[in-house]
Structures are given as structure tokens and as C-alpha cells.
S.K.: 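Take this structure, written in C-alpha cells, and hold onto it; I'll ask about it next.
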Amino acid sequence: MRRWLFGGRASSFADMTDLPKSLRDALQAEFTFWTTTVATHSRADDGTEKLLLELHDRQRIECVLLRDGERRTVCISSQVGCAMGCVFCASGIDGVVRNLTTGEILEQLLRLARLLPATERISHIVVMGMGEPLANLDRLLPALAVAQDPEGMGISQRRITISTVGLPPGIERLVTENPGYHLAVSLHAADDELRTRLVPVNRAIGLAEVMEAADRYWEVSGRRLTFEYVLLGGVNDSPAQARDLVRLLGGRAALVNVIPYNSVEGLPWKEPSTTARERFLEVLREAGVNVQVRRRKGARIDAACGQLRRISARAAAAEAVIPRADIASPAG
Ligand code: SF4
């Protein structure tokens with residue numbers, strides 16, 4: 001069963017053709033193969049595919065398959081919604097609904113794996129979808145353990161990235177329990193005042209504590225840290241702010257991922273201009289910071305986290321009011 005599930009791409013117990021028929025029938029009668037259903041499946045021209053999955057309680061989550069050269073990276077969610085409240089993010093707008101279970105986290109991997117042809121496998125995992133992964137480590141870590149297991153999906157731990165706003169207790173737990181993952185800490189601003197505006201949870205933590213926890217992780221794991229910085233037009237993209245970031249990094253051997261903002265319908269934040277973006281990058285590069293710009297993939301299918309879920313929720317709400325509107329409007 002394990003082989004069928006993780007390597008064989010079975011999508012039902014009936015597919016497990018080397019099991020006795022009576023056992024397959026018994027499994028079919030007693031268990032549910034999938035706990036999610038695919039609400040929508042979209043594919044962009046660049047090969048990015050996105051699934052909106054509906055959970056047993058009708059909540060919806062998103063997960064994405066990205067194709068980049070030989071890489072087959074999946075981006076998965078860890079919670080329904082998110083409590084961190086980053087002001088530019090569609091996932092956090094309505095707060096957190098609940099944690100995903102270990103099974104629901106794994107199921108995203110299994111569903112995405114089945115989008116690949118038999119000759120390809122998932123090579124990298126990023127836990128960067130909806131939710132704050134370090135707020136749900138109890139369920140995430142067992143799911144990632146199965147992903148790593150040679151008898152599971154066999155994905156090297158070094159190819160798994162956990163992305164966080166930087167919750168020090170969660171980082172500390174990884175330090176003591178499992179420091180082998182690649183950690184990506186989202187900064188988005190290099191001063192506390194702006195960061196608290198953009199990432200409200202920062203008010204209770206503060207950048208100094210985030211950087212201290214990140215340093216601890218680096219010391220123990222020996223793995224280079226990545227800092228994420230979503231570049232918002234006219235908000236955090238000035239040369240002075242780039243210099244603040246250089247100061248904050250203080251010569252750490254880190255990679256800075258600059259992510260030009262992907263505009264979200266209904267939110268006021270803008271993409272940075274090309275000039276602002278290039279100026280920002282120039283300051284970092286001139287200071288010797290190792291920087292890369294994350295290319296946007298799948299923009300046409302709303303691949304930024306939380307967008308598809310919100311659009312589908314709005315569509316469902318619109319559908320729900322259509323009959324009432326029909327009755328109420330004399331114009332029909
Ligand atoms: S950016 Fe990440 S941490 Fe922030 S609200 Fe969105 S999902 Fe949560």
C-alpha cells in the first residue's frame with residue numbers, strides 16, 4: 001500500500017492491483033482514499049499548476065506545483081487561513097480558521113505528485129502556502145517525515161524549506177528537535193516600525209529577537225539562512241530601506257530573496273516599479289549581500305498564496321445571493 005500510495009500513484013484502493021481483490025474491496029468499504037476533493041485545477045503557460053482543495057469540512061486550501069528546469073517544486077499550505085495578518089497577503093485577511101492535519105498536509109503532496117508524468121518526481125518542497133508553518137509544527141513535522149522517508153516520498157530534507165515570519169519559540173523547537181530543514185525567514189522590512197505595520201505579529205516579537213533566533217538556527221544547522229523580502233511599491237522599496245536591510249543583515253552569510261509583490265485584488269498594495277526594484281537590488285549587491293529575485297510564476301492563475309481561495313469564496317458568496325437578487329430586482 002505504501003508503494004502504491006507514494007510511488008505507484010494509485011488514486012484509489014482499486015488501483016492497487018497486486019493486492020488481493022477481497023482486500024481491495026474491504027479497504028474500499030472501510031476507508032476513504034482521499035479526504036479532499038479538487039475544487040479547481042488551473043495551469044499557467046509556464047507549467048505552474050495550482051490546486052484548490054476542498055477539505056472534509058468544506059474549508060479550502062491551495063497548493064502549487066512549480067516547474068523550473070529539472071526542478072519540480074511543490075508549495076504547500078499548513079493552515080486554513082493564517083493568524084499572522086501580513087497586510088499584503090490574501091491568506092491572512094480573514095485570520096486563521098484551523099490547523100491542517102498531518103493527513104491534509106500529506107495529501108497536498110500526493111495530489112501534486114499525481115500531476116507529474118510517471119517519469120518525474122517531486123524534487124523540492126516549500127512550506128510557503130497558506131498559514132504559518134511554525135504555528136502548526138505538531139502536524140507538519142510528521143508529514144515532512146513521511147515526505148523524507150525512503151519508503152515514503154524519499155525527498156531529501158535538504159530540499160525542504162520551511163518559510164516563517166520568524167516565531168522564535170518555533171525556531172527554537174526546530175533547533176532542538178530537527179534542524180535539518182532549510183529555513184526561510186520573511187522580513188519584509190528592516191525596521192520594527194514598518195515591519196509591525198506590514199507583519200502585525202512583529203509587535204509582540206521584534207526584529208532583534210527574530211534575528212537572534214535565526215542565528216541560533218544557523219549555528220546549529222550549519223545551513224545558510226534565507227531571508228524573504230516582499231518588495232511593495234512605494235512602501236519598502238527605497239534605497240534608504242535597502243541600506244537599512246544591509247545594516248540589519250550585518251554581514252551574515254545569508255541569501256536574500258527579493259520578491260516583487262504580486263498585486264491582490266481588493267488590496268491597495270502595488271508592484272514596485274522596475275526602477276525602484278533595480279535601485280533596491282543595486283544597494284544590496286554593492287554591499288556584498290547575496291541576493292536573488294524570485295521570479296513570479298503562475299501569476300495568471302493567481303498563484304500567490306491565498307488568492308484562489310478568496311476568489312472562490314467570493315464566487316460562492318455571489319452564487320448564494322443570486323437567487324435573492326433575482327427575486328428582489330424587478331428588472332430581473
Ligand atoms: S504572508 Fe504567510 S505568514 Fe503572512 S499572513 Fe500570509 S500566509 Fe500568513
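Side chains are part of it too, since the values below use all heavy atoms of this structure and drop only hydrogens, waters and symmetry mates. Along the sequence shown, residues are numbered consecutively beginning with 1. Just so you know, ligand 1 is whichever comes first in the structure, and atom 1 is the first atom listed for that ligand.
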S.K.: Report yes or no: does Cys86 have an N/O/S atom closer than 2.8 Å to atom 6 (Fe) of ligand 1?
M.R.: no
S.K.: So do Leu255 and Gln292 actually touch side chain to side chain, heavy atoms under 4.5 Å?
M.R.: yes
S.K.: With a cut-off of 4.0 Å, which atoms of ligand 1 are near a heavy atom of Gly131?
M.R.: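 It comes down to these atoms of ligand 1: 7 (S).
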S.K.: Check whether any N, O or S atom of Cys82, backbone or side chain, sits closer than 2.8 Å to atom 8 (Fe) of ligand 1.
M.R.: yes
S.K.: What residues, two or more places apart in sequence or in another chain, satisfy ring-ring contact (aromatic ring centres under 6.0 Å, His included) together with Tyr229?
M.R.: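 Counting only residues at least two positions away or on another chain, Tyr229 forms a ring-ring contact (aromatic ring centres under 6.0 Å, His included) with Phe280.
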S.K.: Go through the structure and list residues passing ring-ring contact (aromatic ring centres under 6.0 Å, His included) with Phe13, not counting sequence neighbours.
M.R.: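 Phe33.
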S.K.: So among Arg111, Arg139, Arg98, which one has a salt bridge (Lys or Arg N to Asp or Glu O under 4.0 Å) with Glu104?
M.R.: Arg98
S.K.: With heavy atoms of Val165 as the reference, note each atom of ligand 1 found under 4.0 Å away.
M.R.: 3 (S)
